[in-house]
Amino acid sequence: RAFPLPLPAFLLAKPLANVSPLLHEKVFGPVTVHILLLFLLATPVQFGAGRCFYRAAWRSLQHRAATMDVLVVVGSSAAYISSLVSLLAAALDPSHTPFVHFETS
């Protein structure tokens, strides 16, 4: 049901990343349109389509069990949070190069 949702972020991150020079325009500091689009596409997938994983992981942790849902939540949240921190660091410090993995989350 949620399969097509992350597809635009994946295509934008890998095969279509060098198609348009507009994607590499800087918005602020070293943050480009490409990075902002990845963030905007990944956020609803992370918290919208991923909501069922968060709920199931929480229920399993309440029962003191670590199911596959916990692994999915930990992995995708780590990729999303580290990308968000890198994006914010680049926005605050122009000498920081953002290294994001939004397509992974």
Measure the CD1-CG distance between Ile35 and Leu40 for me, rounded to the nearest 0.5 Å. 12.0 Å
Approximate separation, where rounding is to 0.5 Å, of Leu37 CG and Phe102 CZ: 11.5 Å
Residue pair [X] / [Y]: nearest heavy atoms and the distance that separates them:
{"X": "Leu84", "Y": "Phe39", "answer": "CD1-CE1, 3.7 Å"}
{"X": "His96", "Y": "Ala89", "answer": "CD2-CB, 3.7 Å"}
{"X": "Gly29", "Y": "Pro94", "answer": "CA-CB, 4.5 Å"}
{"X": "Val45", "Y": "Leu41", "answer": "CG2-O, 3.5 Å"}

When you measure from the side chain of Ser86 to the backbone of Ser82, do you find a donor-acceptor pair of N or O atoms at a distance under 3.5 Å? no
Connected via hydrophobic side-chain network under 4.5 Å: Trp58 and Ile81: no
Checking Thr43 now: which residues fulfil side chain to side chain donor-acceptor pair (under 3.5 Å) with it, not counting sequence neighbours? Tyr80
Kindly write out the residues that satisfy side chain to side chain donor-acceptor pair (under 3.5 Å) with Ser83, not counting sequence neighbours, or none if the list is empty. none
Return all side-chain donor-acceptor pairs below 3.5 angstrom for residues 67-75, not counting sequence neighbours, or 'none' if the list is empty.
unit_1	atom_1	unit_2	atom_2	d
Thr67	OG1	Ser60	OG	3.4
Thr67	OG1	Asp69	N	3.4

Could you list the residues that satisfy side chain to side chain contact (heavy atoms under 4.5 Å, CB included) with Val27, not counting sequence neighbours? Val33, Leu36
Could you work out, with ring pair (Phe, Tyr, Trp, His ring centres under 6.0 Å) as the rule, every residue matching His101, not counting sequence neighbours? Phe99
Just list the side-chain donor-acceptor pairs under 3.5 Å for residues 47-54, sequence neighbours left out, or say none.
unit_1	atom_1	unit_2	atom_2	d
Tyr54	OH	Gln46	NE2	2.7
Tyr54	OH	Ser77	OG	2.7

